[in-house]
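I have placed the structure first, in the form of structure tokens, so that the comments after it can refer back to it.
Keep in mind the model is a prediction, meaning the values are calculated, not measured.
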Amino acid sequence: MRTNQFRVIMLVLLMAVICLGTMNAQTITVTGIVTDAADGTSITGCSVVNSRSKSGAITDVNGRYSIQAEKGDVLLFRFIGYKEEKRVVKSVKLDVKMKTDDVALEECVVVGYGTMKTKAVTGAYVAVCPTAMYDMDARMNTEEYGRIQENGFKSVADAPLSTFSIDVDPASYSNMRRFINRGELPPADAIRTEELVNYFSYDYPKPTGNDPVKITVEAGTCTWNTAHRLVRIGLKAKEIPTEQLPASNLVFLIDVSGSMWGANRLDLVKSSLKLLVNNLRNKDKVAIVTYAGSAGVKLEATSGGDKQKIREAIDELTASGSTAGGAGIHLAYQIAKKNFISDGNNRIILCSDGDFNVGVSSAEGLEQLIEKERKSGVHLTVLGYGMGNYKDKKIQVLAEKGNGNHAYIDNLQEANRVLVGEFGATLHTVAKDVKLQVEFNPSQVQAYRLIGYESRLLKDEDFNNDAKDAGDMGAGHTVTAFYEVIPAGVKNEYVGKVDDLKYQKKEKMTLKPTGSDELLTVKLRYKASDKDTSRKMELPFVDNKGDSVSSDFRFASAVAMFGQLLRDSDFKGTADYDKVIKLAKQGVNNDERGYRREFIRLVEAAKGLEKTSKN
């Protein structure tokens, strides 16, 4: 009898312990405000990470955040220029005050690719810093960037047309942010100014007719050379609600070689892709292909409704071995074509550091491989990861030649922005082979230069050639391009003179003005996502010669000026970091997610880093 009573008592106690444990492990929603400890201002864009679950959040424009956690979990608060804060979750309310970390920026001595003036440096760079923010990647750096020959001014008399392929890749911006967050100025060739500008979305008018794209043109004073005009050309693609997007046939092509080992490589890849999986629908399907020394299928095409199966396959991935990237790309295209969805979104999502070293591995070989495969109707999105051995040059080639886009993922917040916040723009093409051609009026313009887009330049005759590949635009995408223009009659110090020819006599060309007061005309060609024949759009523009420009114009021009400072451009004129900050602050009104305020903080940090490197 007593034995039975004892068993009952023990059973009750056991149930109580289980219930208590369940209560203690209950998930709660923790909210709070992150502020500067010195002046109490809210911090926008601060990352909040649960160290146990690895889930993350980011503070909004008011410094507020919301994250799932259990009591006892540790939350990590991180933001550039501030010391990391750790807080134990005790209740649903948790406010944090962050202290500035001047040491991390002021004690670094940077000796870098593109930063030394005493001798030419090519290849890798080395950064030396006494703080704990540097790891082995910083000391053993073998990153590769393609050489950029910056666009110069062209005379309208000699070259009245400017032709290029649009570019929607934001990779250079997040890569630049990664450098500055680590206390380094990025190498000049890591800066593609057009990608810095196009990291941000702008409030352009939406297309209303049959065309999926709308053109907008605006002009104002060029801040770094006030005698010049700055022309902004904006494109806006039609928006499609997520539930109305066509079915997706996705292949996750994941680099699991040894170079991908680590928290900011394969671990971040896995977290990133699981964010995307959360947004898949039943009609979508996903296959997983991996490659190291060889390539293989990790998961056959699986319905987006079977999220647990996809997540488990992702969780099982580990990194080791060499990198047969070419074999992986071949296999991924085979799987994508095998599961092809007519009128759907057929796309490979490649996650890699670009460190290919087995089989097809050169930039030229990869370009030939991708050019063959892109005719299949399968698009390619390239997500770059890693620090220290990141091969930007190879990844950029894949993105440009594979009818796709390129993003660099430096943290989980960037993965969320690319794969969740801009899901349609990143993965669903509404206009392909989009080309721009601008004709300048010689009676209004004597010279011009296109800011950025060096790797996207086309021959003038390519504009009407439908066989010539160009960039794609996704649902809701915006594209921005800047021209710096020297008006007619203004002193021109940038276009030099050439001696007369000895063996030929050049007839002096007589300009016959048409009487038009237009500054320029923008022409655009695009193909519908399911067509092979292009359509042309055209928009003339008259410059009112004033400076009543939008706040978006001011912010975007500040980003363009910052890119020229980081590149130490020959055309930066009177640009400096203070001008960038002042101009950017005039354009932070459209900043719901805090990206523009984050930009201003990056400029402030870069200003301090440059001062330190000069000293």
Polar side chain donor-acceptor pair, Thr193 to Gln564, under 3.5 angstrom: no

Between Val418 and Ala407, which heavy-atom pair has the shortest distance, and what is it? CG2-CB, 4.0 Å

Salt bridge or not for Glu85 and Arg78, using N-O below 4.0 Å? no

Run the side chain to side chain contact (heavy atoms under 4.5 Å, CB included) check on Leu565 and Tyr577 step by step: do they pass? CA-CA 8 Å; Leu565 284 171; Tyr577 291 105; 4.0 Å; yes

Looking at Leu583 and Ala558, what are the two nearest heavy atoms and their distance? CD2-N, 3.7 Å

Separation between CD1 of Ile43 and CZ of Arg64, rounded to the nearest 0.5 Å: 14.5 Å

Using the side chain to side chain contact (heavy atoms under 4.5 Å, CB included) rule, take Leu275 and Leu273 through it: C-alpha gap first, then chi angles, then the decisive distance, then the call. CA-CA 5 Å; Leu275 289 175; Leu273 293 178; over 6 Å; no

NZ of Lys97: more than 12 outside heavy atoms within 6.0 angstrom? no

Spatial distance of atom CG (Leu230) from atom CE (Met561) [nearest 0.5 Å]: 9.5 Å

Heavy-atom donor-acceptor pair, Lys298 side chain to Ile314 backbone, under 3.5 Å: no

Evaluate the side chain to side chain donor-acceptor pair (under 3.5 Å) criterion for residues Ser259 and Asp353: first the C-alpha distance (whole Å), next the side-chain angles of each, then the deciding distance (0.1 Å), finally the verdict. CA-CA 8 Å; Ser259 66; Asp353 58 8; 2.9 Å; yes

Apply side chain to side chain contact (heavy atoms under 4.5 Å, CB included) to Val256 and Leu266, showing your working. CA-CA 7 Å; Val256 293; Leu266 186 57; 4.3 Å; yes

Is Asp552 reaching over with its side chain to a backbone N or O of Tyr202, donor-acceptor style, under 3.5 angstrom? no

Would you kindly check if the NZ (Lys) or CZ (Arg) of Arg87 is within the cone defined by 45 degrees around the ring axis of Phe77 and under 6.0 Å from the six-membered ring centre? no

Rounded to the nearest 0.5 Å, what's the gap from CZ on Arg417 to CZ on Arg593? Could you check? 9.0 Å

Lys607 and Asp578: side chain to side chain contact (heavy atoms under 4.5 Å, CB included), yes or no, with the steps? CA-CA 8 Å; Lys607 176 184 175 183; Asp578 289 330; 2.7 Å; yes

Please confirm whether the backbone N or O of Asn175 pairs with a side-chain atom of Asp410, one donor and one acceptor, at under 3.5 Å? no

Looking at Lys86 and Val74, would you say the former's side chain and the latter's main chain have a donor-acceptor pair under 3.5 Å? no

Mind running salt bridge (Lys or Arg N to Asp or Glu O under 4.0 Å) on Asp315 and Lys274 for me, showing each step along the way? CA-CA 9 Å; Asp315 282 333; Lys274 283 190 280 188; 2.8 Å; yes

Do side-chain atoms of Glu195 reach the backbone of Ser172 as a donor and acceptor pair under 3.5 angstrom? yes

Rounded distance (nearest 0.5 Å) linking atom CE of Met176 with atom CG of Leu196: 4.5 Å

Taking Ser165 for its side chain and Gly471 for its backbone only, find out whether a donor-acceptor pair lies under 3.5 Å. yes

Check whether Tyr390 forms a cation-pi arrangement with Arg265 (NZ or CZ under 6.0 Å from the six-membered ring centre, at most 45° off the ring normal). no

Any luck finding a side-chain donor-acceptor pair between Thr429 and Arg347 under 3.5 Å? yes

Exactly one of Tyr199, Tyr408, Tyr595 clears ring pair (Phe, Tyr, Trp, His ring centres under 6.0 Å) with Tyr173, and that residue is Tyr199

CD1 on Ile348 to CG on Leu398, rounded to 0.5 Å: 10.5 Å

Quick check: does any side chain N or O of Thr574 sit under 3.5 Å from a backbone N or O of Trp224, one acting as donor and the other as acceptor? yes

Look at the side chain of Asp591 and the backbone N and O of Arg597, then say whether any donor-acceptor pair between them is shorter than 3.5 Å. yes

Which is it for Glu143 and Lys391 under the salt bridge (Lys or Arg N to Asp or Glu O under 4.0 Å) test, yes or no, and what are the steps along the way? CA-CA 5 Å; Glu143 298 193 7; Lys391 310 302 183 188; over 6 Å; no

State whether the side chain of Asn151 and the backbone N or O of Arg449 hold a donor-acceptor pair below 3.5 Å, judged by distance alone. no

Consider side-chain contact (heavy atoms from CB on, under 4.5 Å). Of Leu383, Ile409, Asn279, which one does Leu419 pass it with? Leu383

May I ask you to decide if Asn589's main-chain N or O and Ser551's side chain share a donor-acceptor pair within less than 3.5 Å? no

Nearest non-hydrogen partners of Asn198 and Tyr453, listed with the distance: ND2-OH, 3.1 Å

Please step through salt bridge (Lys or Arg N to Asp or Glu O under 4.0 Å) for the pair Arg192 and Asp392, ending with a clear verdict. CA-CA 11 Å; Arg192 293 182 287 272; Asp392 178 89; 2.8 Å; yes

Quick check for you: to the nearest 0.5 Å, what is the distance between Glu150 atom CD and Lys572 atom NZ? 9.5 Å

Going by atom types only, do Thr41 and Asp36 share a side-chain donor-acceptor pair under 3.5 Å? no

Audit row: Asn405, Asp169, side chain to side chain donor-acceptor pair (under 3.5 Å) steps and yes/no: CA-CA 5 Å; Asn405 40 38; Asp169 298 337; 5.6 Å; no

